[in-house]
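Data first, discussion second: the structure below is written as structure tokens.
First the proteins, then the strands, lettered A, B, ... as listed; each starts at 1.
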There are 2 protein chains.
Amino acid sequence: MNAVALIDKDRRTQAERTALSDARMLDAAVELICAKGTIKTTLKEVGVVAGYSRGLASHRFGTKDQLFTFIVRSVGELWLKELSLAVKEEVGVNAIGAAIDAHQAFITQGANNIRAFYILWFNSIGPDRGLREVVANIHLRRQKDVESWIQKGIANKELCATIDYQGAAQNFCAAIIGIVYQWLADPENVERIKELHTILKAQTTLALGKTH
Amino acid sequence: MNAVALIDKDRRTQAERTALSDARMLDAAVELICAKGTIKTTLKEVGVVAGYSRGLASHRFGTKDQLFTFIVRSVGELWLKELSLAVKEEVGVNAIGAAIDAHQAFITQGANNIRAFYILWFNSIGPDRGLREVVANIHLRRQKDVESWIQKGIANKELCATIDYQGAAQNFCAAIIGIVYQWLADPENVERIKELHTILKAQTTLALGKTH
DNA sequence: TTTATTATTACTTGTTGCGAGCAAGTAATA
DNA sequence: TATTACTTGCTCGCAACAAGTAATAATAAA
């Protein structure tokens, strides 16, 4: 049973109660982060906006950092699902192309949770926070995915075996982050974001140099 | 007279006093940001570590945000000077190549102020903070610089006139940000950072497609 | 030119309000 | 009645500001 279906019930299991409050607080936190940023977002307000007491977010998540970690994990999992759905069984350049298309769709659809996700992503940079590790982990998983697409493309004879697949994957992931930065810095300019994705696709195709 | 020369004096002008305390607090803030991150860095500690009272940083800068703005401005100006020194009169692909080399040198030399600068840069993302505007402004100046290098390369007949110089500049700046992200996420891996710069140089050269 | 006097600027200390984080409570479900 | 979900009460630390003290500067009398 999903969170929406729980709203109308007047009696819920304990598991349902936490699932509902988690979902509501996640929503509230996402809205607050998009509206006021991570610094001005308070645990107190997250609880209250979600319809609970001032103390619940503190009690549930412990610290602000852990709340943010929860958000990044939740949205991160969502994204990875969408991604594998989009890429399916593709390999090599086609997989990367599909991933770029999915990423573009994902960020231009403009849902606040994606925005909050990337705001937290960038804010995690620096020595503070356990959030850093979670983000680093997602970033690494992305990179490994890209590496495996390239490797499978090589196995397929579609791509040249001499390719530095690790370097190419790192470069690709760096470029994605750069594009996301541009998007967050200037969210209105949707056309440019699309264009940057297109350029990246062309560059990656060129760099991987299909053998046929 | 520079800040270092002021340290031994037992009588300073008011201007010299503020210059010295500014410099000392900037140093302290940079160290603290690199050591503990922006969140755990307190105005109180910045003042004390700099050798003043707990209240001076608050009094001088007003808010944490304005202290951070001061740091980004200071280091940002430094970087722009280094950059114009490195690029000199170059145009087109050569200018971009020189800028990439300078950037690589700048970040791999590992000074804490650059690190703090980029930590603040990424932390500025999101709706909060006046810092956001300062960073956006520096980012834009970078982009305009790159655009003008390309345009001069076109005027020179070195580059093809049909190039989308704005798109190319945005793509380039996005890529730089992506590389910086990788650096901050994994600062130890200096070789990879160098490699990413090299790849970017090659890709940009390719994308701009010299006419001769 | 020196030195006393006042004005200005740099810095410090006192204080308030607010949020994080924790402990001890109440209310819901099992 | 036992367990789990949630709330309320509380403490501590920091940001932010106000009101203080200490340094330099400007003026003027000697």
Here the distance between atom C1' of dC6(D) and atom CG of D22(A), to the nearest Å, is 13 Å
What is the distance from CD of E16(B) to C1' of dT8(C), rounded to the nearest Å?
17 Å
Separation of dC6(D) C1' from L20(A) CG (nearest whole Å):
13 Å
Nearest-neighbour nucleotide for the L56(B) side chain, dT29(C), dC6(D), dT12(C) considered:
dT12(C)
In this structure, how many angstroms lie between the P atom of dT13(C) and the OH atom of Y52(B), rounded?
14 Å
So E90(B) and W149(B), side-chain contact (heavy atoms from CB on, under 4.5 Å) or not? Walk me through it.
CA-CA 8 Å; E90(B) 302 279 4; W149(B) 296 334; over 6 Å; no
Look at R11(B) and dT24(D) and indicate whether a side-chain polar atom (N or O) is within less than 4.0 Å of OP1 or OP2.
yes
Hydrogens and angles aside, do Q182(A) and R192(A) bring a side-chain donor and acceptor to less than 3.5 Å of each other?
no
Report each atom pair, protein N/O against N/O of nucleotides 17-27 of chain C, whose distance is under 3.5 angstrom.
unit_1	atom_1	unit_2	atom_2	d
dG19(C)	OP2	K44(A)	NZ	2.9
dA20(C)	OP1	L43(A)	N	3.1
dA20(C)	OP2	L43(A)	N	3.2
dA20(C)	OP2	K44(A)	N	3.4
dG21(C)	OP2	K64(A)	N	3.2

Separation of atom CZ in R60(B) from atom P in dA15(D), rounded to whole Å:
17 Å
Measure the acute angle between the ring planes of F61(A) and F70(A), then classify it against the limits of 30° and 60° as parallel, tilted or perpendicular.
tilted
Distance, rounded to the nearest Å, where F61(A) contributes CZ and dC6(D) contributes P:
11 Å
A15(B) or S53(A), whichever maps to the more 5' nucleotide of DNA chain D
S53(A)
DNA chain C stem ranges, 3 or more consecutive Watson-Crick or G-U pairs under 3.5 angstrom
C:1-30 with D:1-30
To the nearest angstrom, the CG-P distance between L32(B) and dC14(D) comes to 12 Å
Name the orientation class of the two ring planes belonging to H197(B) and H103(B) (parallel below 30°, tilted from 30 to 60°, perpendicular beyond 60°).
tilted
Geometric class of the W79(B)/F106(B) ring pair [parallel <30°, tilted 30-60°, perpendicular >60°]:
tilted
Quick one: does any side-chain atom of K64(A) pair with a main-chain N or O of I39(A) as donor and acceptor, under 3.5 Å?
yes
Is S21(B) near enough to dC11(C) that one of its side-chain N or O atoms lies under 4.0 angstrom from OP1 or OP2?
yes
Tell me whether R141(A) is salt-bridged to E77(A), with the criterion being a basic N under 4.0 Å from an acidic carboxylate O.
yes
Quick one, E31(B) and D27(B) - any side-chain contact, counting heavy atoms below 4.5 Å?
no
E89(B), CD: over 12 other non-hydrogen atoms inside 6.0 angstrom
no
